[in-house]
Amino acid sequence: MTTKNTDLHYKEIVDKCKSIFLKKSKDYGTSWTILRLSSLTDQLFIKAKRIRNIEISNVNKVGDSIEDEFKSIINYCIMAMIKCEEIIEDEITLSDDHLQMLYNKYYYDTFVLMQKKNTDYGEVWRDMRVSSFTDLILTKLLRIKQIEDNFGKTEVSEGAFSNYQDIMNYSIFALIKLESDNLISQ
């Protein structure tokens with residue numbers, strides 16, 4: 001079995017997620033802008049806990065696949081990164097072009113981070129289990145929740161933004177693993 005180039009595979013996954021994000025924006029507008037950052041963190045936590053519950057119990061009564069949940073996590077991470085760094089007023093309507101520009105900016109910054117870490121670590125993530133990515137995502141979310149409870153102040157740790165980037169990258173790695181291991185349809 002040959003594996004796709006990580007950069008190419010990564011971009012393919014993000015393109016699918018961005019398509020969903022933009023379609024949902026047409027359906028719902030940018031209603032997510034009303035959410036506080038802590039609410040986005042909690043939504044990410046709910047998605048990751050659901051994945052973990054399905055992994056452990058092997059029961060999925062709602063029907064949304066683990067793949068769909070990882071894609072949702074990616075899109076919620078983009079929303080969270082936008083909320084971290086952009087001045088977005090509650091209930092503001094963002095144009096499709098502006099929304100796409102913001103999505104591309106935060107996707108690209110996170111992609112570059114992945115490339116740097118892949119250089120340092122190699123592609124050791126390919127030897128990891130999807131369940132480990134789920135656990136790492138939950139760990140990062142608990143860290144973010146603590147940072148939020150500390151009003152964003154940290155002593156020596158990276159802030160919430162970096163954790164959102166790591167969560168997005170773990171989710172993309174999980175999707176690559178699921179597809180490469182033929183656990184999802186391509």
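Values below: every heavy atom of this structure, side chains too, minus hydrogens, waters and symmetry copies. One-based numbering along the sequence shown.
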Next item on the list: State the CG-CD1 distance between L37 and I144, to the nearest 0.5 angstrom.
Entry: 8.0 Å

Check: Between S72 (side chain) and D68 (backbone), is there a donor-acceptor pair under 3.5 Å?
Finding: yes

Next item on the list: Only one of K145, E148, K140 passes side-chain hydrogen bond (donor to acceptor under 3.5 Å, both in side chains) with T41; say which it is.
Entry: E148

Item checked: Test item: T33 side-chain N/O and T30 main-chain N/O as donor-acceptor pair under 3.5 Å -> yes

Margin query: How long is the straight-line distance from CD1 of I13 back to NZ of K18, given to the nearest 0.5 Å?
Written below: 14.5 Å

Next item on the list: Please report the closest heavy-atom contact between I167 and C77, naming both atoms and the distance.
Entry: CG2-SG, 3.4 Å

Item checked: Side-chain donor-acceptor pair present, Q165, D109, cut-off under 3.5 Å -> no

Notebook entry, point to check: Does any donor atom in the side chain of D96 or Q100 lie under 3.5 Å from an acceptor atom in the other side chain?
Noted result: no

Check: Only one of L175, N118, T110 clears side-chain contact (heavy atoms from CB on, under 4.5 Å) with Y10; which?
Finding: T110

Check: What is the ring orientation for Y106 with F161, classed by angle as parallel under 30°, tilted 30 to 60°, or perpendicular over 60°?
Finding: perpendicular

Check: In Å, rounded to the nearest 0.5 Å, how long is the span from CD of E69 to OH of Y76?
Finding: 9.5 Å

Margin query: Looking at L35, is its backbone amide N or carbonyl O close enough to the side chain of K83 to form a donor-acceptor pair, meaning the two atoms are under 3.5 Å apart?
Written below: yes

Checklist line | side-chain contact (heavy atoms from CB on, under 4.5 Å), paired with R52, selected from I137, T134, I66 | finding: T134

Next item on the list: Indicate if F45 and I54 have the same hydrophobic cluster label, given that clusters are the connected sets of ILVMFWY residues with side-chain heavy-atom separations under 4.5 angstrom.
Entry: yes

Checklist line | For the student: nearest non-hydrogen atoms of C17 and N75, plus distance | finding: O-ND2, 3.0 Å

Check: Can you find a side-chain donor-acceptor pair between S39 and D42 that sits under 3.5 Å?
Finding: no

Next item on the list: Answer whether the closest heavy-atom distance between the side chains of R50 and N60 falls below 4.5 Å.
Entry: yes

Notebook entry, point to check: Hey, does the side chain of S19 reach the backbone of D15 with a donor-acceptor pair shorter than 3.5 angstrom?
Noted result: no

Notebook entry, point to check: Roughly how far, to the nearest 0.5 Å, is the NZ atom of K71 from the CG atom of D64?
Noted result: 11.5 Å

Next item on the list: Provide the closest heavy-atom pair for A48 versus L138 in the form atom of the first, atom of the second, distance.
Entry: CB-CD2, 3.5 Å

Note to self: For the CZ atom of R143 and the CG atom of D166, what is their distance to the nearest 0.5 Å?
What the structure shows: 8.5 Å

Next item on the list: Could you pull out the closest heavy-atom pair between Y107 and I78, with the gap in Å?
Entry: N-CD1, 3.7 Å

Margin query: If we ignore hydrogens and angles and just use 3.5 Å, is the side chain of N163 paired with the main-chain N or O of G159 as donor and acceptor?
Written below: yes

Checklist line | From M114 atom CE to T119 atom OG1, the distance as rounded to the nearest 0.5 Å | finding: 9.0 Å

